[in-house]
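Lettering follows sequence order; numbering is per chain, from 1.
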4 protein chains.
Amino acid sequence: MPPQAGPQPEDPASDRTARTGFWLVGARGGVATTAAVGWSALTRGLIGTTGLVTELPALAGAGLKDWDQFVLGGCELRPGRLRDSAAEAGIPPALIEACAADLDAIDARIAPGVVHNSGPAIDELADEQADGGLARRFPTPRAAVDAIRADLDRFREQQRLERVVVVVTASTEPPTDEPSLPPTWDELNATLTSTDCPLRAGSLYAIAAIESGAAFVNFTPSLGASCAAIDDLAKRSGVCHAGRDGKTGETLLKTVLAPMLASRNLEVMSWVGHNILGNADGRVLSSPEHKSSKLGCKDAALQSLLGYSPQSLVSIEYVPSLGERKTAWNHVHFRGFMGVEMTLQLTWQGHDSALAAPLVLDLARLVDASAGRGESGALGALACFFKSPCGAPLAGHSEQFAALLAHYA
Amino acid sequence: MPPQAGPQPEDPASDRTARTGFWLVGARGGVATTAAVGWSALTRGLIGTTGLVTELPALAGAGLKDWDQFVLGGCELRPGRLRDSAAEAGIPPALIEACAADLDAIDARIAPGVVHNSGPAIDELADEQADGGLARRFPTPRAAVDAIRADLDRFREQQRLERVVVVVTASTEPPTDEPSLPPTWDELNATLTSTDCPLRAGSLYAIAAIESGAAFVNFTPSLGASCAAIDDLAKRSGVCHAGRDGKTGETLLKTVLAPMLASRNLEVMSWVGHNILGNADGRVLSSPEHKSSKLGCKDAALQSLLGYSPQSLVSIEYVPSLGERKTAWNHVHFRGFMGVEMTLQLTWQGHDSALAAPLVLDLARLVDASAGRGESGALGALACFFKSPCGAPLAGHSEQFAALLAHYA
Amino acid sequence: MPPQAGPQPEDPASDRTARTGFWLVGARGGVATTAAVGWSALTRGLIGTTGLVTELPALAGAGLKDWDQFVLGGCELRPGRLRDSAAEAGIPPALIEACAADLDAIDARIAPGVVHNSGPAIDELADEQADGGLARRFPTPRAAVDAIRADLDRFREQQRLERVVVVVTASTEPPTDEPSLPPTWDELNATLTSTDCPLRAGSLYAIAAIESGAAFVNFTPSLGASCAAIDDLAKRSGVCHAGRDGKTGETLLKTVLAPMLASRNLEVMSWVGHNILGNADGRVLSSPEHKSSKLGCKDAALQSLLGYSPQSLVSIEYVPSLGERKTAWNHVHFRGFMGVEMTLQLTWQGHDSALAAPLVLDLARLVDASAGRGESGALGALACFFKSPCGAPLAGHSEQFAALLAHYA
Amino acid sequence: MPPQAGPQPEDPASDRTARTGFWLVGARGGVATTAAVGWSALTRGLIGTTGLVTELPALAGAGLKDWDQFVLGGCELRPGRLRDSAAEAGIPPALIEACAADLDAIDARIAPGVVHNSGPAIDELADEQADGGLARRFPTPRAAVDAIRADLDRFREQQRLERVVVVVTASTEPPTDEPSLPPTWDELNATLTSTDCPLRAGSLYAIAAIESGAAFVNFTPSLGASCAAIDDLAKRSGVCHAGRDGKTGETLLKTVLAPMLASRNLEVMSWVGHNILGNADGRVLSSPEHKSSKLGCKDAALQSLLGYSPQSLVSIEYVPSLGERKTAWNHVHFRGFMGVEMTLQLTWQGHDSALAAPLVLDLARLVDASAGRGESGALGALACFFKSPCGAPLAGHSEQFAALLAHYA
Ligand SMILES: NC(=O)c1ccc[n+]([C@@H]2O[C@H](COP(=O)([O-])OP(=O)(O)OC[C@H]3O[C@@H](n4cnc5c(N)ncnc54)[C@H](O)[C@@H]3O)[C@@H](O)[C@H]2O)c1
Ligand SMILES: NC(=O)c1ccc[n+]([C@@H]2O[C@H](COP(=O)([O-])OP(=O)(O)OC[C@H]3O[C@@H](n4cnc5c(N)ncnc54)[C@H](O)[C@@H]3O)[C@@H](O)[C@H]2O)c1
Ligand SMILES: NC(=O)c1ccc[n+]([C@@H]2O[C@H](COP(=O)([O-])OP(=O)(O)OC[C@H]3O[C@@H](n4cnc5c(N)ncnc54)[C@H](O)[C@@H]3O)[C@@H](O)[C@H]2O)c1
Ligand SMILES: NC(=O)c1ccc[n+]([C@@H]2O[C@H](COP(=O)([O-])OP(=O)(O)OC[C@H]3O[C@@H](n4cnc5c(N)ncnc54)[C@H](O)[C@@H]3O)[C@@H](O)[C@H]2O)c1
Ligand code: NA
Ligand code: NA
């Protein structure tokens, strides 16, 4: 018999109360695939813990579940195998090979995704596939929510899970018309049967998760659970959630550099960011409608960290030659004592999925712990992970990180 | 009669208890000159408060003295006028003109400096001047200390000052042989009459200040008061001090970026910094002996912020064409999840004196408040101002800044 | 009598045959103003020749007229004085003062400009001024051309000029619908009385210049004389012209770096440029219609220098805090032996007018020499000055410069 | 029988007159190893021709030998296999595997290297190996030369070669005391029997090559054949040679950017370069004695391209985390019209061996063609390949490249 490693999810003897399921929405995307390979490699001891916040010594006593207490599943629009999306994401062949059995097992737990009001680029994504790929479409939001709930219930049941955490790592949707949303769950719920409801799939995943008692994480700039009515539902349901838009590159830098400039009473006159990236996320973002979600999120940070609004420009361009690499150039023009002008330029050459995937794992693991403690509503303590944190005012990264440790360590 | 502005220091009617004197060592250097012009321009309402930490709203209730309650004086090696050193420092002619009366008044309060064991570049600086410029040399450290004390006493008396703060902004000295220094003041004091004593002028200014009851700030990388024996003296004398090496550029960036990388569990493999600058400070630093003081200070920060020691290189080159402008290029090579390598590059184009001068004013003002409160020994709460803070462990800038506010606000 | 310097244009005794007039279109813009101050400062010996191509030793024997043999005039939309536009362009007050008499004299020779089909941003520029500023509008292109000719004739007559050179340094117009233009002058001329004619003011200045026998330089990305029909007119009229779009920054770099990469058989995969600038030109370019002229010109260079078309993106953003400073960041992603990927990044921090103004003076001086030699049609030998040279295939900067020397030296 | 590809060097039937041997000195170094793998991959059709100058269409008619007409051999100090040095050089395992048979065959033709006066870092390199590795040492230069000649003769004989080209890609030696060298071969030759002769191994390889009738290429900053006396020998012997120091990164940029700045009459005030690299070459260069060879070469280029000497600083640091990657940051400070100051910054992120290896192959191929044409002495037409070209004045890269085409195309 070949040597076995990794968790054995279908094992009937395994302790139901000990395991949590991660349901990845957009499960074969760059971020989710990297998270899946990374999770497998971690449980098999093939990689170290670099990049994982929850593996910092400071969180050693936080009582988080072990990596092998998690089971991965999810949903997707595009067919195919995780092995192949892992290769596309630039993961070394040897590592994919070593994790192949786990990836195949996860593939078997990937359901078709739900497309609803998802914007032109995602429609196109789905339509590129033969027969619209795996996309399921429903006449009303409520019908979509119920279908997603059924998926989650099946996952919980089949895998005998103590808890489920839904993490959205799907493509960025266009902005939702937030002002039109009612403030309470009862009002919003009433609109779900109407075709006028402006919610997009990302928010329907959130509602389905919460209704089914699963904690929810929105790693994308899409609205997800970031509105009063869905937060209301979460609080009433005793379910916790976290979001919005994983903070991996340029904004991470901004949330340490802007407070530093502020602490010296230096006056920022303009902050220009130019991002180039080559992956599928970049392709979706090159559609102007979808891009505006991303850019909207980025602007707010600066304003709230400095206490005033310097000119701020953020542009994102899709440059396929870069693959998973993202390069962000930032030019900060500021003024000091006696009005002397100075500049700070940054070039960040990051690998998008390698930065994002460990945060997805960290978030699911921390949200699971919060769920275990019975926390509900938006988890402001997780603000350090997000560009547009819910449940906490925008703050410097350092304060956010201190809040994380204060809450979990 | 022409309109008069600025404080009228020699006015016999002025309230002796209300005024504090700043004694700037290296008073015609780039940093001190810019501080002097800036102080004058502030009191005359000619410039805003950008760049001044003590003018942040968060410190509005700290009970600091007003700018016009300070009187400036100091000592120097080179003759000349502040008007001229201001022009050399690149300050706009119109501003110099507007502050000329104040500058002339300060010039009248600049005594000859003390050179002792100051290293080849400072010896050369002094010797470039006709007749060794203003440099005074003494056979023993004790004789030098006593001469400096006499200067400070005269300043306090003539200006009818409530308190005096000595701020060293003189050229960087070579490193002092610290291990050879005894741990207590009594032992160190005993060596001051011997020519073997390894202390350099910067530390003698510290001793003289403390013995005369003046608070002490060391803005330079020289040793100053940063040793156990001088701190012992300060504590016994009920005098407070702060130092070492103003944090204005590259290290400021490091103390926010390294904690950020650490908070994400990213592994820094190498951190390379290359600094080019064109002012007199750069010229002194281009002497290898003096440079090693600067480089020594910079290395420690990274080690303590990350918890391990990546390869770290910091080089400094003198490039006269840049004048007061300093450009620092930093290349940070780090590793993330699954071992993926990434880089962050920074180009900081700062104006050295414009960054340093307001901190000198802030430090003198805050140390004066501490003196007023009766604090003694190293002021760890001022760590955010220094590359190698005394009285506090090295920490991230954000925590340091929070500590400042906690102490003074 | 105070000492006099600079040419004395109204002097009846001056030798008519020796003087050439430069007619600057957009005479109070950043580039033209800097050219005017620079010309005055040169004739008065106040500045050196740095930045002037025609002052290179290699062109010493080219038989060009001396700077004091030129007379400046031109036309504008906005009223005001050159002294004031010089201050706006960031020229030091002392230099403006020293050249004030010349500037006032030039002001007296600035006629109202012609607006025709000039695009929304220029319309707005004109309308911002009281009573539409100095803008003159005409019902047909022909009427506009005749009015401009009258201005040029008056300038030649009043200043007793041997020759006139018209240089367009006006705001960038939107692209002209080139395919709709007929290939010969006779056909184009016939359309000038119709309101359907797609020509914009920039081309009408070209036609007027050529019809009046004045050489023509188009320093802007607008069409100007860069079409077959106007070149046909120039050749028939024995008049020479040069253009299009002064090559001052990013493209200058591209035209040396792309040939270098090509000479090593390195394969460029993508070339991304991001430009930020803060002057009036940047404001006009921030209007999308006008921007497309600029971006169109930039793309072509790369294609023709490499022999293939890598992905190429050029963006331009208006960042007022930068004033006359323009910062261009370029990211070049290329592949070498065995497919190894590498990058080159550039940050160019230029001063737009200081780079452009000497080229305007050089071009007018060289075109004047060509006119003196009886050359007609597009002057391909001036290609090194332009982003989209007419009369010469796009080539590397080095070959273009060699062609310049071959023609004139 | 397994499929066979690549040349079959030991085949007795192969046409002796058609084949040229490349003798690589430092054959298991990063550059030579990459050249060997690249040559094998080329002959097997596994890689394209990107990065190879001799594969440019412009040289298609130059009558160069085909890649499979070359046979590789050489000498080294360190034992081991090319497969392993290829892995160290970061070449993908699959490519090494595919070329393994060729690499093994070359390994069989690698003789022990000669160490003579090679400087501390190379001595250390040799001594690191058990029993001094493969290093051979001789009492006099003449004895070393004769031993090298015997190696070359054996290579020519055993491989039945028409011609041999020796290419030095060994570690950089310290500078040779050039002024002490006599100007003629007869004089120099007379010193070879003395232990006072300052020549280092690199020059002894050159003498041996020329004496044995083999063309010689010096890809390193070491002296090699770059002195009058060895050139004298080459001319008399009818042998051609080329050198010195492959131009792959920073200097390549300088030789296009400096002429561009000069063509605009812009005044360079300072040019600062900071290089970080992590390979074995970097380790040797981190020894100060060896570094000075590299730095010396770099300085001269700028001076001769601008016609004057701005402040120029080039530093090189060994940063192991970078492996084969070299990052060069350049900061160019220049002045334009009216004295306005501007800057250009460059960050070159190259892969050292991938840039150098194809040039080694190109050079050997071109020098072979020159040898075939009977050319002798320094080949100035190859200047575009070198930082310090012999046989041609330093010139802009573009002119050098034009000279290459003029000579060979
Ligand atoms: N990588 C980062 O650094 C980072 C940082 C912050 C946020 N994000 C966000 O994370 C998200 C994922 O990024 P990525 O790089 O993996 O993108 P990706 O395009 O590679 O993956 C997204 C996947 O989601 C799938 N998908 C789209 N809509 C879906 C739906 N309605 N239901 C189910 N599946 C759906 C797509 O088919 C695709 O496979 C994006 O929104 C991105 O903006 C990424
Ligand atoms: N500018 C910054 O951003 C910054 C930041 C941190 C630390 N510093 C430090 O501040 C110090 C001052 O910098 P600067 O740019 O003003 O340098 P500077 O060379 O312009 O001025 C130093 C002055 O000190 C004088 N001096 C030297 N030795 C003296 C002595 N023994 N007694 C009295 N005067 C003496 C010199 O004559 C000179 O005028 C340096 O040590 C520098 O390293 C500066
Ligand atoms: N600065 C550079 O480096 C550079 C390089 C290449 C090209 N250019 C081009 O040069 C032109 C001038 O640049 P600038 O920075 O001086 O711009 P600017 O906006 O400062 O000046 C343009 C001037 O033209 C005037 N104008 C507009 N339309 C006119 C018309 N129809 N007739 C007469 N005057 C008119 C405007 O009122 C304005 O004063 C722009 O087209 C720019 O794109 C500049
Ligand atoms: N881009 C580039 O990589 C580049 C550009 C220009 C010049 N160069 C020069 O090319 C040379 C090789 O670079 P590398 O990266 O391959 O270095 P490397 O250190 O990887 O290889 C040099 C090899 O030479 C061997 N060697 C040293 N002395 C020898 C001797 N006397 N006889 C025989 N072998 C000897 C060493 O054992 C080593 O294996 C260096 O001098 C370098 O400066 C490289
Ligand atoms: Na992404
Ligand atoms: Na090398």
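For the pair C:L322 and A:H331, the minimum side-chain heavy-atom distance is below 4.5 Å. C:H333 places none of its side-chain heavy atoms less than 4.5 Å from the side chain of A:V319.
For the pair C:S321 and A:E341, the tightest heavy-atom approach, listed with the atom from each and the gap, is O-OE1, 4.2 Å.
A:Y318 touches chain C through its backbone: at least one of N, CA, C or O sits under 4.5 Å from a heavy atom, while the side chain does not. Neither the backbone nor the side chain of A:P310 has a heavy atom closer than 4.5 Å to any heavy atom of chain C.
Ring orientation note: the planes of C:H274 and A:H274 are close to parallel, at an angle under 30° on the 30°/60° scale.
Here the CH2 atom belonging to C:W329 is positioned 6.0 Å from the OG1 atom belonging to A:T327, to the nearest 0.5 angstrom.
By the neighbour-count criterion of 12 heavy atoms within 6.0 Å, atom CD of C:E97 is sparsely surrounded, having that number or fewer from other residues, nucleotides or ligands.
Of the possible donor and acceptor atoms, none in the side chain of A:E317 sits under 3.5 Å from a partner among the backbone N and O of C:V314.
Within residues 343-352 of chain C, the residues having any heavy atom less than 4.5 Å from a heavy atom of chain A are, in residue-number order, C:T343, C:Q345, C:T347, C:Q349.
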